[in-house]
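Not measured: the values here are computed from a predicted model.
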2 protein chains.
Amino acid sequence: MRLLADAVGVKAASLYNHISSKEELLRELLMDMARLFTQSMEEVQNAPLGPVEKLERLIADYVGYTVEHTDAISLLTGEWVHLDERPKQEFLTLRDNYEDGFRQILTDCMDAGHFNKIDVDIALFSTLSTLRWLYSWYSKHKEINQLKLEGQIKRVLIVGLRK
Amino acid sequence: MRLLADAVGVKAASLYNHISSKEELLRELLMDMARLFTQSMEEVQNAPLGPVEKLERLIADYVGYTVEHTDAISLLTGEWVHLDERPKQEFLTLRDNYEDGFRQILTDCMDAGHFNKIDVDIALFSTLSTLRWLYSWYSKHKEINQLKLEGQIKRVLIVGLRK
DNA sequence: CCTACCGATCGGTAGG
DNA sequence: CCTACCGATCGGTAGG
């Protein structure tokens, strides 16, 4: 909180005229992001698209959020452990729902014959790993064109490396 | 240190008869792991194999280390930031060398015509993201067969999702 | 917004 | 191995 106050140009105690606790600050940040992803998932689920196009939309949204909210996204993967019990459960419910939606779309891709039938949990984990840690890569490569980044990520995830 | 002492069944102060500091403990853990990966890279680089087989060996080694040293591996990605300046630079040098070796093998795969020519940094980042966060997935799926895990990870990374 | 200050916690030391 | 205790740091409050 002292570092944060320094950055804003006030004393640490003064921050408490604006927020009620450090945890609240983290909570609002994380829940804002979680709601963004929930919205992305709902829109994609309700869109009149095939499963592969839905997956591509999810990837595009994730890359977009990462480019637009790099700093907030950097907290999303690891910092939720510091939330109080109640908000932590709320956050994890949204996160679980997102993962379930993602898993279902991957399953649909396989069932429709577009994807190879592999362990869907491994496909999900691998895809989300790349998306979740994109922010750390992007932080050092901010000069890259967003559309190019999006295209390359889709390609490496969906088409794979092999020619 | 108090939690650690509790787990071992002594008082916190007694730990300092065995180690000189908390940082030293972290340092030895991380450097042991870093040396393991350095060894893996050197063996693969010197093996009489094609680039795709080399990549497969790197993936197999990473999966193996994750299964064998899950707890230590869980510290490898994020906790090096807490090392003192000197050991941090040492660690990062080993890490950079590993990444450079990995990047070169991916480049070789593309140059030999086995892989599509995409941005090699994105291919590297995506592959390492999956491998680096495998431990968190594996912690919840310890029942999976190691060879199956290895095969599925290779497949999702190299062949991709698409049929 | 600030000064002054709190109780808890942390890594670690002294001394036996 | 232990007890006793340290200085620094942290999130946060009181009171103006």
N-O pairing of [X] and [Y] below 4.0 Å:
X	Y	value
A/K148	B/D119	yes
A/R132	A/E99	yes
A/E53	A/R57	no
A/K88	A/E85	yes

Original post:
From the list D/dC1, D/dG11, C/dC1, which nucleotide is the closest neighbour of the side chain of B/H18?
Top reply: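 Closest nucleotide among those given: D/dC1.
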Starting from [atom2] on [N], measure out to [atom1] on [X] and report it in whole angstrom.
X	N	atom1	atom2	value
A/I19	C/dC1	CD1	P	11 Å
B/E23	C/dC10	CD	P	19 Å
B/L15	D/dC2	CG	C1'	12 Å
B/E24	C/dT13	CD	P	12 Å
A/R2	D/dC10	CZ	C1'	6 Å
B/M1	C/dT13	CE	C1'	13 Å
B/N17	D/dT3	CG	P	14 Å
B/L25	C/dG11	CG	C1'	13 Å

Original post:
Across the strands shown, which category fits A/A13 at heavy-atom distances under 4.0 angstrom: base, sugar-phosphate, nothing?
Top reply: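 Here A/A13 touches the bases of the nucleic acid.
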Original post:
Do you know which two heavy atoms are closest between A/L29 and A/A72, and how far apart they sit?
Top reply: CD2-CB, 3.5 Å
Subject >> Spacing of B/C109 atom SG and B/N116 atom CG [to the nearest 0.5 Å] >> reply: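 Spacing of SG (B/C109) from CG (B/N116) equals 11.5 Å.
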**OP:** List the steps and the verdict of ring-ring contact (aromatic ring centres under 6.0 Å, His included) for A/Y135 and A/W137.
**Re:** CA-CA 5 Å; A/Y135 80 86; A/W137 186 86; over 10 Å; no
Subject >> B/K11 side-chain N/O to D/dC2 phosphate OP1/OP2 under 4.0 Å >> reply: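 False: B/K11 side-chain N/O out of range (4.0 Å or more) of D/dC2 OP1/OP2.
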Original post:
DNA chain C: stems of at least 3 consecutive Watson-Crick or G-U pairs, cut-off 3.5 Å?
Top reply: C:1-16 with D:1-16
